[in-house]
Amino acid sequence: MAHNPGRLSWQEIATTQAGVITMRDALATGLTRTEIRARLAAGGWHQPFRGVLVTDVSDARGPQHLWAAVQAIGPGAVLAGASAASLAGLVGYEREPVTVLVPTPRRATAPPGVLLRHSARLDLTEVDPLRLPRRTTPSRSVIDMAEWAPSRPLAQAIIVDAVHQGVVTLRGLQAALTRRGPITRRTLVADCLDRLGADAPHLTGLAFHHLARAHGLPTGSVAVEGPADEPMSRLRVRYESWRVQVEVAAGVARPGLQRTSGGALLVRLPPSALRQQPTEAAGLVAAALRQQGWPHPLREISATLAS
């Protein structure tokens with residue numbers, strides 16, 4: 001933000017920034033270093049990074065750490081990747097390290113616990129103009145997440161999750177990919193977007209794989225039954241050790257659990273459940289597995305089902 005010591009108090013500045021203020025801005029409003037040291041010593045304030053002050057220690061679980069990271073790096077810094085996408089509503093990636101992006105010419109040092117990245121292409125159209133702290137747009141954030149992901153399957157899962165959760169649109173991702181310029185996974189991302197447009201079953205399989213990994217479900221054998229480009233094709237996951245099957249198909253009206261003639265348990269899910277009710281879908285699969293002897297308690301999912 002612009003420095004405005006003649007008009008704003010330190011309280012007003014901190015209030016707009018989740019209780020975070022830079023040392024520079026605090027001094028510009030009239031506070032002295034002695035007063036600041038006294039507040040820190042009394043425990044009412046906290047200094048997470050050099051030059052950054054947190055004036056409300058009661059809100060430690062809020063966005064303060066994100067504000068502090070951006071303020072610590074300074075002008076031109078924006079939240080990026082999972083840090084920005086999670087603020088836009090992407091679920092499942094909140095534990096990623098705080099990522100801050102700066103233009104390539106900018107020299108900066110990342111404070112402890114912050115991942116600093118540089119980009120040669122970061123213009124105003126890729127910075128969200130309406131939300132604070134400053135961050136890349138959801139589409140740019142997801143493209144960056146896919147590019148920075150440690151594996152190709154995870155890169156695809158990120159894109160599938162973001163689209164299925166309604167955080168971004170295919171058109172927005174395609175535009176962001178064009179603006180992003182040359183990246184290592186351009187072809188992978190473009191192919192994934194093309195297949196998502198056709199709602200291919202194997203991408204539904206990626207969404208199920210990520211759901212299972214996020215909720216601690218065991219690994220099953222995955223197969224697509226029917227032509228890969230057929231909308232009514234079924235994704236089937238088999239857990240042979242526990243005689244449980246999961247069927248994901250467009251013809252399924254609502255999630256359900258039934259026993260087959262052979263004595264196995266069959267969980268039936270519509271594809272929409274993977275993106276709109278992931279915890280409930282995972283909980284239904286977990287319930288079937290536990291009925292068949294799977295030893296994992298999955299307390300959190302069980303509590304969700306019970307409620």
Side-chain angles (χ1 to χ4, degrees), residues 82 85-86 89-96 142 145-146 148-168 188 192 195-196 199-226 228 233-260 264-307:
S86 295
L90 183 62
V91 176
Y93 300 89
E94 297 85 350
R95 295 183 181 180
E96 296 291 322
V142 171
M145 286 179 69
W148 300 334
S151 69
R152 292 170 61 87
L154 181 56
Q156 292 176 313
I158 288 167
I159 295 170
V160 171
D161 282 347
V163 173
H164 281 182
Q165 292 178 25
V167 176
V168 293
L188 179 144
C192 188
R195 291 166 183 166
L196 261 178
D199 197 22
H202 69 277
L203 285 178
T204 300
L206 279 174
F208 183 87
H209 172 76
H210 185 61
L211 175 146
R213 184 174 61 85
H215 291 279
L217 297 174
T219 301
S221 62
V222 180
V224 173
E225 299 179 349
S233 295
R234 299 173 186 273
L235 175 80
R236 197 175 290 273
V237 183
R238 289 182 171 86
Y239 297 97
E240 301 292 352
S241 299
W242 296 283
R243 301 185 68 205
V244 170
Q245 298 179 23
V246 180
E247 179 186 276
V248 184
V252 178
R254 62 179 61 86
L257 178 64
Q258 64 188 60
R259 192 170 292 277
T260 69
L265 280 179
L266 174 63
V267 179
R268 304 188 74 229
L269 300 169
S272 61
L274 302 183
R275 56 183 181 270
Q276 296 175 4
Q277 300 170 297
T279 301
E280 290 80 356
L284 192 59
V285 176
L289 286 166
R290 288 167 58 212
Q291 281 190 44
Q292 299 291 88
W294 181 49
H296 197 294
L298 271 179
R299 294 187 181 90
E300 180 179 344
I301 292 180
S302 299
T304 301
L305 285 175
S307 63

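Any value given below was found using the heavy atoms of this structure, including those in side chains, with hydrogens, waters and symmetry copies removed. Keep in mind the model is a prediction, meaning the values are calculated, not measured.
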L211 to P278 - nearest heavy-atom pair and separation
CD1-O, 3.4 Å
Can you tell me how far the CG atom of L284 sits from the CD atom of Q277, to the nearest 0.5 Å?
10.5 Å
Hey, could you give me the OG/CD distance between S241 and Q292, rounded to the nearest 0.5 Å?
11.5 Å
What I'd like to find out is whether the side chain of S221 reaches to under 4.5 Å of the side chain of Y239, using heavy atoms alone.
no
Does the side chain of L235 come within less than 4.5 Å of E247's, by heavy atoms?
no
Can you tell me if CZ on R259 sees more than 12 non-hydrogen neighbours from other groups inside 6.0 Å?
yes
What do the steps show when you test R238 against V246 for side-chain contact (heavy atoms from CB on, under 4.5 Å), and what is the final call?
CA-CA 6 Å; R238 289 182 171 86; V246 180; over 6 Å; no
Report the C-alpha distance between V285 and R290 in whole Å, list the side-chain angles of each, state the deciding distance to 0.1 Å, and finish with yes or no for side-chain contact (heavy atoms from CB on, under 4.5 Å).
CA-CA 9 Å; V285 176; R290 288 167 58 212; over 6 Å; no
Please report the shortest heavy-atom distance between V167 and A85, naming the atom on each side.
CG1-O, 4.5 Å
Heavy atoms only: give me the nearest L217-A282 pair and the separation to one decimal.
CD2-O, 4.1 Å
Measuring from atom CD1 of I158 to atom CD of E96, what distance do you get when rounded to the nearest 0.5 angstrom?
7.0 Å
So, do R268 and V248 sit near enough that their side-chain heavy atoms are less than 4.5 Å apart?
no
Report yes if the side chains of R152 and L188 come closer than 4.5 Å at any heavy-atom pair, otherwise no.
yes
Nearest non-hydrogen partners of P270 and V252, listed with the distance
CB-O, 3.3 Å
D161 versus Q156: any side-chain heavy-atom pair under 4.5 Å?
no
Taking only residues two or more places apart in sequence, or in another chain, which ones meet R213 in a salt bridge (Lys or Arg N to Asp or Glu O under 4.0 Å)?
none
Answer whether the closest heavy-atom distance between the side chains of M145 and L90 falls below 4.5 Å.
yes
Looking at every heavy atom in both V244 and A288, which two are closest together, and how far apart are they?
CG2-O, 3.7 Å
Rounded to the nearest 0.5 Å, what separation is found between the OG1 atom of T260 and the CG atom of L265?
7.5 Å
On a heavy-atom basis, which atom in A146 and which in A155 lie closest, and how many Å separate them?
O-CB, 3.3 Å
